[in-house]
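Take a look at the structure set out below.
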Amino acid sequence: MSSFRTRSAPSPTGYLHLGTARTILFTKLFATKYEDGIYYLRLEDTDRNRLNPEAAINLIGNLHTLGLDPDEGVSLNKHGKKNDFYGIYQNGDLGPYIQSERLEHYHEYAQLMIDKGLAYWSYLTPEEKQELQEIKKSIKRPIDYYKICVEKYIPDDLYKSVKNALKDPNKPALMYKLHRNLKVACHDLLVDSTIFDLSLEEDFVILRPDGYPLYHLAHIVDDYLMKTTLVVRSQEWYPSFPKHKTMFLDCFEHGILSSEVTDWVHNCPQYIHLPFILGETGNKKMSKRDGNVNMQDYLDKGYMPEAIINYLAFLGWNPGTEKEIYLEKYDFENLNQDQRLAKLIHNISLEFNYEKLSKSPARFNLEKLNWFNREYIKLISDKEWFEIGKVKLGLVNIEDVTTQLALILDKNRVTTTSEFGSDSDCILKWSKPTNDEIKWKKISIEESKQNLKEISDWLLNNDGLLSFISSKSIENHIENTSNLETTMKAWLMANQKDTGSYLWPLRVALSGKQKSPSPFELLSILSKDEISKRVKVVLEN
Ligand code: GLU
């Protein structure tokens, strides 16, 4: 059994939240960092009202796309034990990894806690509990649930076996009994130690009347039985930390948990509570209102998994160097996407450690994510880029140079792959511009067309220029473009022509659009025949 085991336990209730993806990435980075590290994925599906099988598939699928597959636990890989409700699989020796399949474990430990006097059944109705919370507001002291339950109900009922209590028509809930006169020290690798005063805490439910555990019980039982050594979870769990620490300590003290099962140093796993990710403005945890938090949307919009991972790594971690991009051109030329993601995570993990994690919240910044995406697009090999373009634009053929150069126009311009076509369309899907579009603002349409004719005649009958136009290749495209620019500008100047009144009609005629790449770029991509054809159509319009 590996000595370093960490895990994520997302709930399949909706989409993969950007913040959850960041927590899972950090978890995986820790496991990747250690040679014997294991990162396992557990599905936390004990809130039966909010279950959604599609959400589980989508969540695990998104994690796979991002290179965040676990070493053990739930996955879409068709081996291991299948869960028919979700249609997902489980692998590993310490399963099941889906909490709804683990009820017998929770009941076994709940029973041990009852036997040792650490837990008791509460018969309070929701209305009674509500009333108690109202009273609490006026007395400003925590409610002593145990005292109320003992006074009000037959003591034998309070310690019924789990099996019998779950059959009880009065539907009791199992509460954890806190030693309220204690102080408990909680150690977090990021925040250091905090002493919590339990006199301010109330007893809390650990098992619902339907037999499903609450997070507190599931956390204790699962992370013990699955031998977790490091828990990385969101800051939202920090207030519950003293509850968990106390439960671990009590259970060890009463022999419910044994140090022979885990090699924990302080009778509990180590913890890192990650600060929230804030929205672009304000000081609140990022939510739908502050931008997009659904990972699927980023993938659909054409953000590259490599860019997303690299960006997320920096949300709360700083290596303290100038380095930001953790892959190289070589990786894009030699590895497929799965291999690249594995390498990216490995490369980051080499520099990743909790001392470099930030104690304060990270702020989401879409412009920075966009920057990462553009940087990663630059790294994609032309061959791979053409293949992506083929799919995105529904092209049949990507072999000819004009198509390839058109796709490179997009590569230099787009932020995400959903913008494919923004520049290449003017080469691949030309449509005739209107006269209004051809007209240069300071002159008439007749004059604009006259200028278009003059400059295109000169271009198409000039052997020197045609050599730039005809000798198309990916390698000499930049040079061709710049040669055309130099020569054309020299001609305009020598003939004392107004630049805009010639280049505007030419550019709009060739691109079919008011906004497009430069006329020099268009001329060095289009064939001579295509140039003549487009100009002719515009002049005859
Ligand atoms: N389901 C919990 C969450 O997503 C798990 C927390 C944990 O990692 O223990 O916040």
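In each ligand, atom 1 is the first atom listed, and ligand 1 is the first ligand listed. Because the structure is predicted, anything quoted here is derived from the model rather than measured.
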We want to know whether Tyr153 and Ser122 form a side-chain donor-acceptor pair, criterion being a heavy-atom distance below 3.5 angstrom. no
Which distance, rounded to the nearest 0.5 Å, do you find between the CD1 of Ile272 and the CZ of Phe30? 3.5 Å
Close residues, ligand 1: non-hydrogen atom nearer than 4.0 Å: Arg7, Ala9, Ser11, Glu44, Tyr215, Arg233, Trp237
Cationic tip of Lys392 above Phe420 ring, under 6.0 Å, 45° of axis: no
Is it the case that the side chains of Asp300 and Gln296 hold a donor-acceptor pair, with the cut-off being a distance below 3.5 Å and no angle test? yes
Could you please spell out the steps behind the salt bridge (charged side-chain N to carboxylate O under 4.0 Å, His left out) verdict for Arg340 and Glu384? CA-CA 13 Å; Arg340 288 195 304 250; Glu384 184 174 341; 3.0 Å; yes
Before you tell me yes or no, could you show the steps for Tyr97 and Glu72 under side chain to side chain contact (heavy atoms under 4.5 Å, CB included), namely the whole-Å CA-CA distance, both residues' side-chain angles and the distance that decides it to 0.1 Å? CA-CA 9 Å; Tyr97 296 86; Glu72 193 180 303; 2.6 Å; yes
